[in-house]
Asker: 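Would you mind keeping the following structure in view while I ask a few things?
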Protein chains: 2
Amino acid sequence: MASQDWQTTLRAKGYRLTPQRELVLRAVERLGHATPDEVLGAVHEESAAVNISTVYRTLELLEELGLVRHAHITDRAPTYHSTATPDHVHLVCRSCGEVTEVAPEIIEPMTAKLLDTYGFVTDVGHLTIFGACQNCAR
Amino acid sequence: MASQDWQTTLRAKGYRLTPQRELVLRAVERLGHATPDEVLGAVHEESAAVNISTVYRTLELLEELGLVRHAHITDRAPTYHSTATPDHVHLVCRSCGEVTEVAPEIIEPMTAKLLDTYGFVTDVGHLTIFGACQNCAR
DNA sequence: GTTAATGCAAAAACTTTGCAAACCT
DNA sequence: AGGTTTGCAAAGTTTTTGCATTAAC
């Protein structure tokens with residue numbers, strides 16, 4: 001059922017089902033958070049050869065369809081994650097690089113205030129908070 | 001006085017005072033938020049020729065010294081801003097690109113909770129919140 | 001005079017694009 | 001069959017690096 005979902009979403013907009021698209025989506029789901037390059041690597045481990053440009057095009061497509069999202073967790077490449085996982089905020093430690101996923105509820109007081117004061121609707125799924133984790137903070 | 005500050009900071013760590021470093025720092029202060037490329041452009045307008053690689057090296061140095069900071073406001077290049085301006089959070093509208101600066105107090109409830117729950121110390125100056133501004137939200 | 005910093009040019013890393021061949025429907 | 005998608009290769013961007021020259025101290 002969930003496995004049909006993405007197929008339906010693709011077809012709904014007239015896009016075709018290809019093994020590459022399935023492989024990329026699966027890789028993103030499996031990896032949790034991954035750069036285009038890491039997605040390519042993961043797909044290759046599946047003993048499948050997909051071109052890097054296809055990975056880029058596919059990630060763009062999947063994001064347009066709302067099946068994946070990206071966030072800027074490192075200073076370099078964007079990292080993609082599946083939207084099948086519930087929305088979450090990323091806490092990224094500047095020292096050790098650890099990434100913690102946090103339920104969006106924790107920032108609800110803030111999003112409420114931003115809406116209230118500025119009429120700003122926070123895109124929770126895209127939020128990355130940098131700082132120092134418990135271990136590195138002291 | 002403030003104009004001496006950065007000179008002192010540089011010397012304190014044994015770095016040298018160069019016109020390029022002053023030009024880059026001034027450009028960042030003047031521009032508010034700027035990519036390395038925009039900094040280069042601004043410096044050139046000062047009728048001074050500074051190489052792009054010097055801009056990169058200088059921004060890195062200034063950041064190490066705590067004189068500038070960077071945040072990821074767009075999906076592409078990082079934007080640098082002076083730390084002379086008080087810490088602030090960036091609200092970025094995904095539709096129109098508008099960037100609003102917000103006092104850190106507004107997110108204090110969130111940072112408190114993150115500290116409480118995860119021992120996570122939020123780096124407020126680096127925080128960029130994506131979403132939809134008042135005009136674009138509806 | 002020493003040593004760090006700059007400019008330049010080349011390389012590296014990352015992403016995009018054009019086009020013919022292959023594949024989905 | 002017909003139009004979309006892929007692979008490949010080449011080009012575009014952005015950032016980094018090595019090294020000789022220049023400039024700060």
Side-chain angles (χ1 to χ4, degrees), chain A residues 4 6-28 33-44 46-65 67-68 70-80, chain B residues 4 6-28 31 33-44 46-65 67-80:
Chain A
Q4 309 253 261
W6 64 274
Q7 304 184 357
T8 311
T9 310
L10 272 181
R11 286 225 176 81
K13 299 213 177 174
Y15 294 115
R16 294 181 179 175
L17 256 62
T18 66
Q20 287 90 339
R21 286 174 178 169
E22 174 162 18
L23 284 162
V24 168
L25 180 56
R26 289 268 155 72
V28 171
H33 298 95
T35 63
D37 200 57
E38 290 165 344
V39 171
L40 180 69
V43 168
H44 280 164
E46 295 273 292
S47 71
V50 173
N51 194 272
I52 182 67
S53 61
T54 299
V55 171
Y56 278 103
R57 288 188 279 226
T58 302
L59 288 173
E60 188 180 1
L61 175 67
L62 295 177
E63 186 154 38
E64 178 199 324
L65 296 175
L67 295 170
V68 305
H70 81 273
H72 294 274
I73 290 184
T74 67
D75 276 346
R76 277 208 166 266
T79 61
Y80 288 81
Chain B
Q4 307 254 263
W6 64 275
Q7 304 184 359
T8 312
T9 309
L10 271 183
R11 286 226 175 80
K13 297 213 177 176
Y15 295 117
R16 293 178 181 176
L17 256 63
T18 69
Q20 288 90 338
R21 286 173 177 169
E22 174 161 18
L23 284 162
V24 168
L25 179 57
R26 289 268 155 74
V28 171
L31 293 173
H33 298 94
T35 62
D37 198 58
E38 290 164 344
V39 171
L40 180 69
V43 168
H44 280 165
E46 296 273 292
S47 72
V50 173
N51 194 273
I52 182 66
S53 60
T54 301
V55 171
Y56 277 102
R57 288 188 279 229
T58 302
L59 288 173
E60 187 182 2
L61 175 68
L62 295 177
E63 186 154 38
E64 177 200 323
L65 296 174
L67 295 170
V68 304
R69 301 228 43 193
H70 80 274
H72 294 274
I73 290 183
T74 67
D75 274 348
R76 276 207 167 266
T79 61
Y80 288 81

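Throughout, a chain's letter reflects where its sequence line sits, starting with A, and its residues are numbered from 1.
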Asker: Are any non-hydrogen side-chain atoms of B:R26 and B:W6 less than 4.5 angstrom apart?
Answerer: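 B:R26 vs B:W6: side chains touch.
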Asker: Quick one: which protein N/O atoms are closer than 3.5 Å to N/O atoms of nucleotides 22-25 of chain C? Pair and distance per line, please.
Answerer:
from, atom 1, to, atom 2, distance (Å)
C:dC24, O3', A:L17, O, 3.2
C:dC24, O2, A:R16, NH1, 2.8
C:dT25, OP1, A:L17, N, 3.1

Asker: What is the separation between atom CG on A:L61 and atom C1' on C:dT15, rounded to the nearest whole Å?
Answerer: 17 Å
Asker: Checking side-chain polar atoms at under 3.5 Å, does A:Q7 have a donor or acceptor matched by the opposite partner on A:Y15?
Answerer: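 Per modelled atom types, A:Q7 and A:Y15 side chains form no pair under 3.5 Å.
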Asker: Would you kindly give the NE2-to-P distance between A:H70 and C:dT15, to the nearest whole Å?
Answerer: 10 Å
Asker: Tell me: CG of B:L23 to P of C:dT6, nearest whole Å?
Answerer: 11 Å
Asker: Can you find a pair of side-chain heavy atoms, one from A:L65 and one from A:K13, that are under 4.5 Å apart?
Answerer: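 Yes; the side chains approach each other to less than 4.5 Å.
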Asker: Note down the inter-axis angle between the two ends of the helix from C:dG1-D:dC25 to C:dT25-D:dA1, five pairs each, to the nearest 10°.
Answerer: 30°
Asker: Please give me the minimum heavy-atom distance between B:L31 and B:A42, naming the atom from each residue.
Answerer: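 Nearest pair, atom of B:L31 first, then B:A42: CD1-CB, 3.7 Å.
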Asker: Checking A:N51 against A:S53: is there a side-chain donor and acceptor pair closer than 3.5 Å?
Answerer: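 Side-chain D/A pair, A:S53 to A:N51: present.
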Asker: Quick one: B:Q20 CD to C:dC8 P, roughly how many Å, whole number?
Answerer: 11 Å
Asker: Going by heavy atoms in the side chains, are B:I73 and B:H33 under 4.5 Å from each other?
Answerer: yes
Asker: What does A:R21 touch in the nucleic acid at a heavy-atom separation under 4.0 angstrom: a base, only the sugar-phosphate, or nothing?
Answerer: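 Contact class for A:R21: sugar-phosphate only.
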Asker: When you compare the side chain of A:L25 with that of A:T58, does any pair of heavy atoms fall below 4.5 Å?
Answerer: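 Contact flag for A:T58/A:L25 side chains = no.
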Asker: Could you pull out all residues at least two apart from B:H70 that satisfy ring-ring contact (aromatic ring centres under 6.0 Å, His included)?
Answerer: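 Testing B:H70 for ring-ring contact (aromatic ring centres under 6.0 Å, His included), a comparison that skips the adjacent residues, returns B:H72, B:Y80, B:H126.
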Asker: Once you round it to whole Å, what is the distance between P of C:dT17 and CZ of A:R57?
Answerer: 10 Å
Asker: Who passes side chain to side chain contact (heavy atoms under 4.5 Å, CB included) against A:E60, sequence neighbours left out?
Answerer: none
Asker: Show the distances under 3.5 angstrom between N or O atoms of the protein and N or O atoms of nucleotides 11-14 of chain C.
Answerer:
none

Asker: Under 4.0 Å from a heavy atom of chain A: give me the 5'-most and 3'-most nucleotides of DNA chain D that qualify.
Answerer: D:dG2 to D:dT16
Asker: Mind checking whether A:V39 and A:V28 have side chains closer than 4.5 Å, heavy atoms only?
Answerer: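 Answer yes - side chains close enough.
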Asker: Could you tell me the separation between the CZ atom of A:R21 and the CG atom of A:L59, rounded to the nearest 0.5 Å?
Answerer: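 Reported to 0.5 Å precision, the distance equals 11.5 Å.
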Asker: Check A:A77 against A:T35 and note the closest heavy-atom contact, atom names and distance.
Answerer: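 So the two residues come closest at CB-CG2, 3.7 Å.
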Asker: Does a side-chain heavy-atom distance below 4.5 Å link A:V50 with A:L23?
Answerer: yes
Asker: Whole-Å distance between C:dA5 P and B:I52 CD1?
Answerer: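 One finds 19 Å between P of C:dA5 and CD1 of B:I52, rounded.
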